[in-house]
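Within every chain, numbering begins at 1; the chains are lettered A, B, ... in the order of the sequence lines, protein sequences first and strands thereafter.
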2 protein chains.
Amino acid sequence: MKKNNKISTAVIRRLPRYYRHLEALHQNGVVRISSSALGERTGLTASQIRQDLSCFGEFGQQGYGYNVESLMTEIADIMGMNKGHTAVVVGAGRLGRALLANFPFGHYGVTLTAIYDIDPKLIGTTIAGVPVYPTNELNTRLAAQPVDIGILTVPPGVAAETANRLACLGVKGIWNFTNMELGLHLTDLVVENVHFSDSLLSLSYMISE
Amino acid sequence: MKKNNKISTAVIRRLPRYYRHLEALHQNGVVRISSSALGERTGLTASQIRQDLSCFGEFGQQGYGYNVESLMTEIADIMGMNKGHTAVVVGAGRLGRALLANFPFGHYGVTLTAIYDIDPKLIGTTIAGVPVYPTNELNTRLAAQPVDIGILTVPPGVAAETANRLACLGVKGIWNFTNMELGLHLTDLVVENVHFSDSLLSLSYMISE
DNA sequence: TAGATTGTTAATCGATTAACAATC
DNA sequence: TAGATTGTTAATCGATTAACAATC
């Protein structure tokens, strides 16, 4: 009984959190969990969890709760982890390489098809098993073989320009690690910003009380 | 006319965004801006901006708007950028080093006093001008000279344990880059999570519609 | 069966938006 | 002065919480 009304961003932002906790529970061999127990773990109310999940279907069972593994699988599916999303990384500097080395893209259902950089020393090599191409081949390569996500780890100076190119080349989403506001107002493009500075400044505020 | 009622997290999360845009405006030589113009830039309503700012004081002027530089300065101050916060980085792996190399801590009013790692090759060196100490000296060094913020870039396996040590050593905040839930429930400790996976999964959901 | 816990409806709470008098 | 734009109060909207019948 999927309900495609319109999911609020508040709910969407909580889905990965549910997933993270369910994954940990599953790894610890926990088979079932009630909304109240999950609430305790996640720091949310049982009511909110049931409300959130009910946006997508009926995954629980009265008197029992939720099966950890199947709820985990359902949420993974809802979040698009089984859509086979493809992505390219643009910018293989320290941050790009740290991400490539540490972040388990495959685990989240994202396949990296290429890395782009301007450094001649990197061209032709592979990083984390992904080939590095020169950035000036971005247009032709992506035109020939579109991808879903552009991961932006370029220096701030070329962030906006690169984002524009990615947008024109038809990516559906940009994962933006530059501290720049991309200012793209295309309705069909999603920009997810990872603004470290915003995060640190919030922390700074909260410890300054 | 500061009003210390209780600022909602929604407002706190928008402060860095205001700051970012004001900084850019200032760099472009813009001297004054109205709430509606700032709203257009930031994608928020003029009403919300005025409402938000009024939590902290009266920074504008009727018929004129806000002075970009002074509003920027005010917000910087509100966010604690002038508190002289100190921080240590724990974990000098790829991510830690990328952060050290790229992120302008000083610009946000945070002074790094030390880096801790277990790799003997790194001990005694400096990264981005900050000395690296062995992690087993964390307790004695922080006990002797407390810091405000612990930046957690250790591998997931030791995240919880390291966070606990930092908490016991009196840090006020933890900037958590591990994908782990730290599960510290100390009332006087603030944990700011940078969960890359949550961010990517939200993006994944949003492009999957 | 009796106890537990769901999904959902209704009530509450908080956050955003609109409106406007005050005033630069 | 007249026009613009603030800070703030009131109205609206949305999100969270509480309650409970349904049922495993």
Might you work through the side chain to side chain donor-acceptor pair (under 3.5 Å) test for A:Arg165 and A:Asn139, ending with a clear yes or no?
CA-CA 7 Å; A:Arg165 285 170 68 185; A:Asn139 291 39; 2.9 Å; yes
The side chain of B:Gln51 lies closest to which of these nucleotides: C:dC20, C:dT8, D:dT9?
D:dT9
Which nucleotide in the set C:dA19, D:dC24, C:dT8 lies at the smallest distance from any side-chain heavy atom of A:Gln62?
D:dC24
[X] [atom1] to [N] [atom2]: how many Å, rounded?
X: B:Leu53; N: C:dT16; atom1: CG; atom2: C1'; value: 15 Å
X: B:Glu58; N: D:dT5; atom1: CD; atom2: P; value: 18 Å
X: A:Lys6; N: D:dG14; atom1: NZ; atom2: P; value: 12 Å
X: B:Ile49; N: C:dT17; atom1: CD1; atom2: C1'; value: 13 Å
X: A:Gln48; N: D:dA18; atom1: CD; atom2: P; value: 11 Å
X: B:Asp52; N: C:dT17; atom1: CG; atom2: C1'; value: 12 Å
X: A:Ile7; N: D:dA15; atom1: CD1; atom2: P; value: 11 Å

Heavy-atom pair with the smallest gap, counting every atom of A:Ile127 and A:Ala92:
CD1-CB, 4.1 Å
Counterpart base for C:dC13, defined by Watson-Crick or G-U wobble contacts under 3.5 Å:
D:dG14
If pairing requires Watson-Crick or G-U wobble contacts with both distances under 3.5 Å, which nucleotide is the partner of C:dC24?
D:dG3
Short side-chain N/O contact to [N] OP1/OP2 from [X], under 4.0 Å:
X: A:Gln61; N: C:dT6; answer: no
X: A:Tyr66; N: C:dA4; answer: no
X: B:Arg50; N: D:dG7; answer: no

May I ask you to list the residues of residues 13-21 of chain B, by number, that have any heavy atom positioned under 4.0 Å from an atom of DNA chain D?
none
Where along residues 23-47 of chain A does a heavy atom fall under 4.0 Å from DNA chain D?
A:Thr45, A:Ser47
For A:Ile151, the option from A:Leu166, A:Leu100, A:Leu112 that meets side-chain contact (heavy atoms from CB on, under 4.5 Å):
A:Leu112
So, are B:Lys172 and B:Glu192 salt-bridged, with charged N and O less than 4.0 Å apart?
no
Going by salt bridge (Lys or Arg N to Asp or Glu O under 4.0 Å), name the residues that satisfy it together with B:Glu69, two or more places apart in sequence or in a different chain.
none
Between [X] and [Y], is any side-chain donor less than 3.5 angstrom from a side-chain acceptor?
X: A:Thr42; Y: A:Arg17; result: no
X: A:Thr45; Y: A:Ser47; result: no
X: B:Asp52; Y: B:Tyr18; result: yes

Is it the case that atom CD in B:Glu40 sees more than 12 heavy atoms from other parts of the structure closer than 6.0 Å?
no
Closer to the 5' end of DNA chain D via nearest nucleotide, is it A:Tyr64 or A:Val11?
A:Val11
Which residue lies more 5' along DNA chain D, comparing B:Gly60 with A:Ser8 via nearest heavy atoms
B:Gly60
A:Arg32 to A:Tyr66 six-membered ring, cation-pi geometry met (6.0 Å, 45°)
no
